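Everything on this sheet refers to the single structure shown next.
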Amino acid sequence: MSRIDNDHLLNVGIEACLAASNIIMEAADLPKSSKNKGKTDLVTNTDIGSEEIIKAVIRSSFQEHSILAEESGQELTPSEYLWIIDPLDGTTNFVHGYPSYGVSIGIYLNNEPLIGIVLELPNKKLYTAVKNNGAYCEGVRIKPSETNTLIESLLVTGFGYEHGDDWNTNMDLFKHFTDITQGVRRLGAASIDICHVACGKVDGFWEYDLKQWDTAAGIIIAKESGCKITDIRSNGHRLDGNSILITNSLIHNEFVEQAASYLN
Ligand code: IPD
Ligand code: CA
Ligand code: CA
């Protein structure tokens, strides 16, 4: 099968993100009507409209690629390329006007991470990474923080919509890490949280039960910036795994040691 120039893929992905952001920002100050996918899991017409335009932009260049998108599911083809899309990450924030949400597009080649694009909104900061080429915010190379102890760290986590065992464990972790760090933030858009570790605004991020579209782009950006990515027990991270831990690498071991006694 023919390989496509990475810059071409990146540019189409950026074009798709920017088209989506026009739809999202036009709707940001208007009244919103949302439907519930679960008890507290919301979807708006903006999620749907954003996803439609992203897919239209991708399809105008790559008719044959596979796509996995949050709202419309998967379109699998024999292509080596797979686009994984969260058209609006942080929908709850968007609905309430809380300023932390974004668009996330990961491009995978033979199921390996290749390109990550996250557009942070409403402040419109574009994070990008191509495998083996570093990570960038607005075209400027980014790297994680140099904080090397938990007591000096600021962390961020999130809580999914299912309030089961993992959610309860995370409540315990939230309390413990709030006690032994400078604080734990809970902002509500996983892709943005991950980019904030990649550029050193926070020192680490963990969460349970994320979906592939929440992390597909962010993990490429984090890896290329120099972050360490595992699951919460420090085993290899899988996109379909049930936990993720991303740190500046320097606090990783201490985090895992501290978390261990709270895990089942
Ligand atoms: C959610 C956000 C949130 C995380 C949830 C996700 P959505 O995505 O990333 O930070 O805690 O687990 O489902 O529903 O806003 O796209
Ligand atoms: Ca999401
Ligand atoms: Ca979403």
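Numbers here simply count residues along the sequence, with the first being 1. For clarity, every value in this text was computed on a predicted model and none was experimentally measured. Order of listing sets the numbers, starting from 1, for every ligand and every atom in it.
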Would you say Ile192 contacts ligand 1, with heavy atoms under 4.0 Å as the rule?
->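 The answer is no, since Ile192 has no heavy atom less than 4.0 Å from ligand 1.
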Under a heavy-atom criterion of less than 4.0 Å, does Glu70 contact ligand 1?
->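 Within the 4.0 Å threshold, so yes.
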Any N/O/S atom from [X] (main chain or side chain) under 3.0 Å of the Ca ion (ligand 3)?
X	value
Leu88	yes
Glu71	no
Asp86	yes

Pull out every atom of ligand 1 sitting under 4.0 Å from any heavy atom of [X], numbered as shown with elements.
X	value
Gly90	7 (P), 15 (O), 16 (O)
Ala190	2 (C), 9 (O), 10 (O)
Leu88	16 (O)
Phe159	11 (O)
Asp86	16 (O)

Between [X] (side chain only) and [Y] (backbone N and O only), is there a donor and an acceptor less than 3.5 Å apart?
X	Y	value
Gln63	Arg59	yes
Asp179	Lys175	no
Thr77	Glu64	yes
Asn248	Leu250	yes
Tyr127	Ala198	no

Please write down residue, atom name and distance for the protein heavy atom closest to [atom].
atom	result
atom 5 (C) of ligand 1	Glu207 OE2, 3.7 Å
atom 13 (O) of ligand 1	Tyr161 CE1, 3.3 Å
atom 3 (C) of ligand 1	Gly188 O, 3.5 Å
atom 6 (C) of ligand 1	Asp214 OD1, 3.9 Å

Closest approach to the Ca ion (ligand 3) by Glu70, given as the N, O or S atom name =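 Considering only N, O and S atoms, Glu70 comes nearest to the Ca ion (ligand 3) through OE1.
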Does an N or O from [X], backbone or side chain, lie closer than 3.5 Å to an N or O of ligand 1?
X	value
Ala189	yes
Gly160	no
Asp89	yes
Ser191	no

What residue among [options] forms side-chain contact (heavy atoms from CB on, under 4.5 Å) with [X]?
X	options	result
Glu120	Ile192, Asp89, Leu126	Ile192
His237	Ile246, Leu245, Ile219	Ile219
Leu68	Leu239, Ile84, Leu76	Ile84

State the atom name: nearest N, O or S atom of Asp214 to the Ca ion (ligand 2).
->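 Checking each N, O and S atom of Asp214, the shortest distance to the Ca ion (ligand 2) belongs to OD1.
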Atom name, Asp89 (N, O or S, nearest to the Ca ion (ligand 2)) =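 Sorting the N, O and S atoms of Asp89 by distance to the Ca ion (ligand 2) puts OD1 first.
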Locate the shortest heavy-atom distance separating Gly90 from Tyr101; write the atom from each residue and the value.
->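 Minimum heavy-atom separation between Gly90 and Tyr101: O-CB, 3.6 Å.
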Sidechain N-carboxylate O distance under 4.0 Å for Glu75, Lys55 =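 Yes, charged N to carboxylate O under 4.0 Å.
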Tyr208/Phe159 under ring-ring contact (aromatic ring centres under 6.0 Å, His included): CA gap, chis, key distance, verdict | CA-CA 7 Å; Tyr208 282 95; Phe159 293 87; 9.3 Å; no
Distance only, no hydrogens: is a donor on one side chain within 3.5 Å (strictly under) of an acceptor on the other, for Lys32 and Thr46?
->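 Judged by distance alone, the side chains do not pair up.
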Between Asn170 and Thr157, does any side-chain donor sit less than 3.5 Å from a side-chain acceptor?
->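 The answer is yes; a qualifying pair exists.
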Location of contacts on Asp193 toward ligand 1, heavy atoms closer than 4.0 Å =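 Looking at Asp193 and ligand 1, no heavy atom falls under 4.0 Å.
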